[in-house]
Amino acid sequence: LPICKMKRVEIVVEAQQLDALVRIVEKHATGYTLVPGVTGLGEHGLREAGMVVLVTVVTEEHLDAILAAILPSLNERANILLVSDVMVLRAEHFIPEVRAAAGGSNA
């Protein structure tokens, strides 16, 4: 099976920001995973509640669009955005244009 290089995006956000973030990600990804109830210590101190991690895999083109939409809000809130290279099998499952052409949904 062919392996394709893509981008893994992990975003830690306050729960009240999640709906806006999901709307952005749904425009550029075929899906995402949510990890509720995360805790941690960072610049804003200890956070023991109210944080969620959203994880998705996208092409570099879609990564640029997601970053452009999210970056302005990063300084306003206790957000963390991590991007890493990832190798995936069945890349067609992660590319919205390919899924749409095949009749798949975008969520």
_side-chain contact (heavy atoms from CB on, under 4.5 Å), that's the test. Do Val22 and Leu54 meet it? Break it down for me._
CA-CA 8 Å; Val22 165; Leu54 182 146; 4.0 Å; yes
_Could you walk me through whether Val52 and Val38 satisfy the side-chain contact (heavy atoms from CB on, under 4.5 Å) test, starting with their C-alpha distance in whole Å, then the side-chain angles of each, then the deciding distance to 0.1 Å, before giving a yes or no?_
CA-CA 6 Å; Val52 178; Val38 296; 5.6 Å; no
*Start with the C-alpha gap between Val55 and Arg8, add the side-chain angles, then the distance that decides, and say whether side-chain contact (heavy atoms from CB on, under 4.5 Å) holds.*
CA-CA 7 Å; Val55 181; Arg8 176 183 168 122; 3.8 Å; yes
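Note that the CG atom of Asp85 and the NZ atom of Lys7 stand 3.5 Å from one another [nearest 0.5 Å]. We find the CG-NE2 distance between Leu63 and His28 to be 10.5 Å, quoted to the nearest 0.5 Å. The distance from the CG atom of Leu41 to the CG atom of Leu46 is 6.0 Å, given to the nearest 0.5 Å. From Glu92, atom CD reaches atom CD of Glu97 across 13.5 Å, with rounding to the nearest 0.5 Å. Expressed to the nearest 0.5 Å, how far NE2 of His62 lies from CD1 of Ile95 amounts to 7.5 Å. The distance from the CD1 atom of Ile11 to the CG atom of Leu18 is 10.0 Å, given to the nearest 0.5 Å.
Across all non-hydrogen atoms, the minimal contact from Met51 to Val12 is CE-CG1, 3.7 Å. Across all their heavy atoms, Ala91 and Cys4 have their closest contact at CB-CB, 3.5 Å. The nearest pair of heavy atoms linking Phe94 to Thr30 is CA-OG1, 3.5 Å. Scanning both residues, Ile24 and Ala69, for their nearest heavy atoms gives CG2-CB, 3.8 Å.
The closest side-chain heavy-atom distance from Leu67 to Leu81 is below 4.5 Å. Proximity of Arg47 to Glu14: side-chain heavy atoms (C-beta onward) are separated by under 4.5 Å at one or more points.
Judged purely by atom type and a 3.5 angstrom limit, Thr56 has no side-chain atom pairing as donor or acceptor with the backbone of Val9.
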